[in-house]
Amino acid sequence: MTAALGAVLLIAGGAYAGFYALERTRTAFRCAEMILEASRDMRTEILCHRTPLPMLLERLGARYRRIFPQAENASVLVREFSFLSVWTASIRCAALPKPLEGPLLRLGEQLSSGADPEQALDALDDSVRLTRDSLREKCRAAVRLYPSLGLAAGCLLAVLLL
């Protein structure tokens, strides 16, 4: 009886691991979509409204809490620290996947250095679109693959341990 219960738990654990891997891939894809949406907002705020960078970061923090979780009081923090350090800390707190974190960190560097914001936003869009497209393909393949592999691994462990 105990062995059967252990086998069922191993199979369920394997299935859970497969679905968890699938959900992580889907979450990364949704983050990429959100970053592209935030990029459109940044483009409007910077190029059309000429919003100062600290205020831009606060507005992004209010609209996109998943990407900029610690940005609600950026104007106050920029008085004590540099814009780049506040931007970097906010991005790092979001714990985004590395392929999505890198372009956002580069954008912060370019914005704080006084580079052309339109060119910096174009580079962000291109990089995130490539990542999003690869994540979309990975999601399509992972829908059946990850849960099946997790279930198969759980069954294999259950058989080996019985």
Side-chain angles (χ1 to χ4, degrees), residues 9-51 53-72 74 83-158:
L9 288 175
L10 280 173
I11 293 169
Y16 175 78
F19 281 107
Y20 179 74
L22 175 62
E23 187 55 33
R24 283 186 51 142
T25 305
R26 286 178 175 166
T27 300
F29 176 75
R30 286 190 297 269
C31 283
E33 289 285 328
M34 194 179 305
I35 290 171
L36 289 173
E37 187 179 328
S39 174
R40 286 189 293 273
D41 282 354
M42 283 187 265
R43 190 175 302 275
T44 302
E45 291 284 341
I46 292 172
L47 300 177
C48 296
H49 302 297
R50 305 282 186 212
T51 305
L53 293 178
M55 188 180 296
L56 170 71
L57 190 53
E58 280 186 4
R59 289 179 182 174
L60 290 171
R63 292 180 201 151
Y64 305 100
R65 295 201 57 78
R66 170 70 178 97
I67 302 171
F68 302 98
Q70 300 295 323
E72 63 270 355
F83 169 77
L84 180 59
S85 62
V86 174
W87 177 274
T88 303
S90 181
I91 299 298
R92 294 264 161 89
C93 286
L96 297 169
K98 293 295 179 197
L100 296 174
E101 184 180 88
L104 281 172
L105 292 175
R106 279 192 301 277
L107 176 67
E109 291 172 6
Q110 291 171 338
L111 290 177
S112 66
S113 70
D116 180 28
E118 190 168 8
Q119 186 178 9
L121 289 166
D122 287 342
L124 172 73
D125 287 348
D126 292 343
S127 179
V128 173
R129 277 193 181 99
L130 285 174
T131 303
R132 181 201 58 191
D133 293 343
S134 70
L135 287 169
R136 179 183 293 135
E137 293 302 316
K138 191 174 180 181
C139 281
R140 286 181 185 151
V143 166
R144 290 191 188 107
L145 180 66
Y146 288 173
S148 300
L149 281 177
L151 189 60
C155 289
L156 179 65
L157 278 174

Distance col, row Tyr146:OH vs Leu149:CG, nearest 0.5 angstrom, shows 8.5 Å

Review point. Is Arg59 salt-bridged to Asp41, cutoff N-O under 4.0 Å?
Key: no

Smallest heavy-atom separation, Cys31 atom then Leu100 atom, equals CB-CD1, 3.8 Å

Inset, instruction - Spell out, as yes or no, whether a donor-acceptor pair under 3.5 Å connects the side chain of Ser113 to the backbone of Gln110. - result: yes

### Task
Answer yes or no: is there a side-chain heavy-atom contact under 4.5 Å between Tyr64 and Glu37?
yes

Smallest heavy-atom separation, Ser90 atom then Phe68 atom, equals OG-CA, 3.3 Å

Quiz item: Under the 3.5 angstrom rule, does the side chain of Thr51 hit a backbone N or O of Glu45 as a donor-acceptor pair?
Solution: yes

CD of Glu23 to OG1 of Thr27, rounded to nearest 0.5 Å, is 4.0 Å

In terms of heavy-atom contacts, Leu57 and Ala71 come closest through O-CB, 3.4 Å

CG of Leu22 to CG of Leu145, rounded to nearest 0.5 Å, is 9.5 Å

Note to self: Given 3.5 Å as the limit, does a donor-acceptor pair link the side chain of Ser134 with the main chain of Thr131, or not?
What the structure shows: yes

Flag side-chain contact, heavy atom, 4.5 Å: Leu96 against Arg66: yes

Parallel, tilted or perpendicular: rings of Tyr16 and Tyr20 (30°, 60°): parallel

Rounded to the nearest 0.5 Å, the CZ atom of Arg132 sits from the CG atom of Asp125 at a distance of 9.5 Å

Interatomic distance, CZ@Arg63 vs CE@Met34, rounded to 0.5 Å, equals 14.0 Å

Got a donor-acceptor contact below 3.5 angstrom from the Ser127 side chain to the Ala123 backbone? no

Heavy atoms of Ile91 and Ile67 approach each other most closely as CD1-O, 4.1 Å

Quiz item: Between Leu104 and Glu101, is any pair of side-chain heavy atoms under 4.5 Å apart?
Solution: no

Value for OG (Ser39) from CG (Leu107), rounded to nearest 0.5 Å, stands at 7.5 Å

Shortest non-hydrogen pair, Gln70 vs Cys93, comes out as CG-SG, 3.6 Å

Can Glu33 and Arg30 be counted as an ion pair, charged N to O under 4.0 angstrom? no

Taking every heavy atom of Pro117 against every heavy atom of Leu111, the minimum-distance pair comes out as CB-CD2, 3.9 Å

